[in-house]
Amino acid sequence: MMSKKVRTNRKNAAGRPLEANNSALSPALAAMETPSERKELALVGEQTDLGGEEDADLRKQAAELRQGTADLRQEAADLRQGAAGQREVTADQREEIADLRQDTADNREEIADLREEAADQRQDTADLQQNVAELQQATADLRQEAADQRQASADQREEVADLREEAADQREEAASAKAKLSAKTQAQLREVNERLVVATVHAQTMTEAAEQATVQMSYMAEHDFLTGLPNRSLLTDRLAQSIALAQRHGKKVALMYLDLDHFKHINDSLGHAVGDQLLLSAAKRLQATVRLSDTVSRHGGDEFVVLLPEVDDLQEVVLTAEKLIAAMAKPHRVSGHRLHVTLSIGISLYPDDGKNIEEVVRNADTAMYQAKMNGRNNYRVFIPEMNDRAVARQSVEQALHKALEQHRFVLHYQPKVNLDTGAITGAEALVRKHRSNDRLVYPKHFIDIAEECGLILPIGRWVLYEACRQTQAWLQAGLHLGQIAVNVSAKEFHSKDFLAGVIDVLNDTGLDPHYLELEMTESGLMQDTEPTTIILQELKKLGVQIAIDDFGTGYSSLSYLLRFPIDTIKIDQSFVSDINDAAGDAGEAIVSAVIAMGTSLKKRVVAEGIETKQQLAFLQSRNCTEGQGFYFSRPLAADEFAALLRDRAQHDRALVQD
């Protein structure tokens with residue numbers, strides 16, 4: 001669309017004639033004279049000069065040319081005027097376009113503002129809608145609350161109505177109750193009386209139950225839970241009463257301290273349930289053997305005490321002890337097992353062996369310990385010297401503790417010899433204890449006490465370690481030793497850490513297991529055969545050799561020789577000492593039988609305690625291959641035994657060279 005200004009310019013250009021301006025041509029008009037036109041003008045001038053005849057024509061042509069030129073100039077002016085108008089139109093259009101662009105930008109900005117305003121309006125609308133929704137929810141809540149309040153009011157009104165109705169019913173019941181009051185009162189009185197009678201009976205029952213519970217608690221406090229026998233507390237009370245009566249009547253009181261021999265082995269092998277049943281069986285036999293006036297009590301574990309009040313002399317007590325030993329020796333049938341158990345009994349008398357309860361009980365216990373020391377399954381009557389032994393035993397136990405702490409134990413080694421060649425085939429490690437004056441104490445003076453007090457376990461571990469360590473040292477020094485034999489007690493063998501302890505010692509010392517031989521007694525192996533078999537088999541897997549020590553003094557059963565993985569049988573020195581002795585042919589027959597049996601079972605047979613040439617000759621005649629004893633060498637200290645090994649090695653080398 002053209003603006004008003006553009007339209008006015010065009011009108012002026014069309015209505016106004018172009019004015020000639022021949023005197024001053026603009027550069028634009030001068031530019032419009034072409035070279036051909038200038039050439040024509042030059043020709044005209046030349047023709048004017050050449051002839052006059054043609055002057056008029058030339059003037060005419062010149063006038064025409066001028067007129068044409070004027071027309072051309074006019075046309076050029078018109079063109080310039082049109083171009084100027086066109087430029088003005090173009091400028092107006094550009095301005096208009098600029099205005100349009102500005103208007104477009106303004107419109108866009110206005111549209112953006114409108115859009116932003118619309119977004120704000122939509123947000124305001126959303127907020128208003130949210131507020132409306134919240135107001136609607138609040139209104140709904142208020143309506144619900146109002147409905148609830150109306151319902152509560154209705155419920156309260158209904159409750160009030162019910163209360164009024166109930167009050168009316170109560171008034172009606174009160175009115176009727178007045179008429180029935182006398183009859184109801186009598187019925188209530190009867191009911192109260194019945195309840196009172198029931199409460200009285202119940203109270204009496206509770207009183208009797210409490211008394212019964214008191215009696216039961218008193219009984220449990222004075223009796224053994226398992227056997228029902230009187231316990232230590234009740235026995236002490238009865239012993240005090242018996243002593244008081246004996247003092248008045250001039251009588252004696254006997255106390256017997258009983259212990260079941262090897263009961264722990266049964267408990268460990270068959271379990272505590274079987275052990276408890278055996279204790280019940282033993283308790284019944286004890287009660288059945290003594291008089292009704294006597295008291296059999298259990299002091300715990302496998303220990304029992306029998307109180308004999310008002311006895312006349314010791315012989316009466318001894319007869320009772322013999323009856324108890326005989327009764328207990330009979331087999332006990334417990335849970336499908338046929339069990340044998342024996343008694344060790346210690347006896348003390350009041351007032352002969354003690355003036356009070358404590359002395360009588362302690363002396364009976366001391367006598368029982370002496371019965372165990374003398375082979376078990378017997379009795380011992382207390383004598384004052386036993387106290388000296390008890391004190392000595394306590395002294396030995398303390399000395400053993402001290403020896404362990406101060407490392408006063410030492411090993412001596414007795415060689416085992418091939419009876420045909422005289423070559424050393426091994427050695428047995430024997431423990432000794434140094435006294436403070438450096439004199440040696442031999443095992444027979446302390447081993448039994450060590451086993452009883454439990455010190456045999458640490459002593460045994462030390463002996464095993466030291467023997468293996470010394471043997472490994474000899475081997476590394478080039479001194480050949482067949483095998484080192486170490487004695488193992490039953491308590492050591494059946495301890496839970498025995499097998500692991502052997503493995504640890506071998507690992508710590510580096511000794512090849514084939515150089516180690518463990519010696520155990522028959523009785524020690526037969527205590528619990530199934531675990532024994534497992535342990536022996538594990539030792540054999542390691543390469544350790546197993547020997548039966550003191551063969552012939554225990555079970556001497558072919559069955560265990562076949563069942564257990566045994567390598568060596570050692571004939572007890574008591575049988576060897578009977579060879580060519582007063583025992584005559586009996587000792588020789590036993591030794592010959594053992595050698596023949598061992599040979600037939602493909603076991604090594606070693607004779608212990610060889611002391612004479614006659615004993616050696618007899619053993620050689622029976623093809624016994626190995627032996628040991630004072631005839632060859634006493635047990636030697638480690639350095640002396642090493643010197644013996646070196647001398648024998650030199651002797652053997654000299655024989656080979658000869």
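Checked by atom type and distance alone, the side chain of Arg285 pairs as donor or acceptor with a backbone atom of Ala327 at under 3.5 Å. Under the 3.5 Å distance criterion, the side-chain polar atoms of Arg380 are left unmatched by any main-chain donor or acceptor of Gly346. Side-chain N or O atoms of Glu538 include none that pairs as donor or acceptor with a backbone N or O of Leu499 at under 3.5 Å. A donor-acceptor contact shorter than 3.5 Å is absent between the side chain of Ser592 and the backbone of Ala589. Proximity of a side-chain donor or acceptor of Asn378 to a complementary backbone N or O of Asn374 within less than 3.5 Å is detected. At distances below 3.5 Å, not a single donor-acceptor pair connects side-chain atoms of Asp512 with backbone N or O atoms of Tyr515. When atom types are taken as modelled, the side chain of Thr425 and the backbone of Gly482 share no donor-acceptor pair closer than 3.5 angstrom. Between the Ser348 side chain and the Val360 main chain, a donor and an acceptor come within less than 3.5 Å of each other. Using a distance-only test at 3.5 Å, with no hydrogens or angles considered, no donor-acceptor pair links the side chain of Asp497 to the main chain of Ala500. One N or O on the side chain of Arg648 and one on the backbone of Gly422 form a donor-acceptor pair closer than 3.5 Å.
The closest side-chain donor-acceptor pair between Gln398 and Ser395, if any, does not fall under 3.5 angstrom. Between the side chains of Gln470 and Tyr413, no donor N or O sits under 3.5 Å from an acceptor N or O. Donor-acceptor pairing under 3.5 Å is recorded for the side chains of Ser344 and Asp261. Side-chain contact of Gln287 with Asp294: a donor-acceptor pair under 3.5 Å is absent, judged by distance alone. Of the N and O atoms on the side chains of Asn231 and Ser233, not one donor lies less than 3.5 Å from an acceptor on the other residue. For the 3.5 Å distance criterion, the side chains of Thr366 and Asn363 fail to qualify, holding no donor opposite an acceptor. Under the 3.5 Å distance criterion, with hydrogens and angles disregarded, no donor-acceptor pair is assigned to the side chains of Lys416 and Gln483.
Taking CD of Gln537 as the start and CZ of Phe564 as the end, the distance is 9.5 Å to the nearest 0.5 Å. Note: Lys433 NZ to Ile447 CD1 = 11.0 Å, rounded to the nearest 0.5 Å. Here the CD1-CG distance, from Ile347 to Leu255, works out to 10.0 Å after rounding to the nearest 0.5 Å. Residue Gln615 holds its CD atom at 7.0 Å from OG of Ser577, rounded to the nearest 0.5 Å.
For Glu466 and Arg469, the salt-bridge test passes: some basic side-chain N is under 4.0 Å from an acidic carboxylate O. Between Glu626 and Lys570 there is no salt bridge, since none of the side-chain N atoms of the basic residue sits less than 4.0 Å from a carboxylate O of the acidic one. Between Lys603 and Asp567 no salt bridge is recorded (no basic side-chain N to carboxylate O distance below 4.0 Å). The pair Arg298-Glu303 does not count as a salt bridge, with every side-chain nitrogen at least 4.0 angstrom from each carboxylate oxygen.
The one candidate from Val317, Leu349, Thr295 that meets the side-chain contact (heavy atoms from CB on, under 4.5 Å) condition with Leu308 is Val317.
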Using side-chain hydrogen bond (donor to acceptor under 3.5 Å, both in side chains), reason through Gln628 and Glu608 one step at a time and then give a plain yes or no.
CA-CA 5 Å; Gln628 66 185 88; Glu608 294 183 294; 4.7 Å; no
Show your working on salt bridge (Lys or Arg N to Asp or Glu O under 4.0 Å) between Glu405 and Lys402 and close with a plain yes or no.
CA-CA 5 Å; Glu405 294 171 359; Lys402 190 174 181 180; over 6 Å; no
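Residues passing the side-chain contact (heavy atoms from CB on, under 4.5 Å) test with Ser495 are Leu457, Phe498, sequence neighbours excluded.
Ring planes of His299 and Tyr257: perpendicular class, angle over 60° (limits at 30 and 60°).
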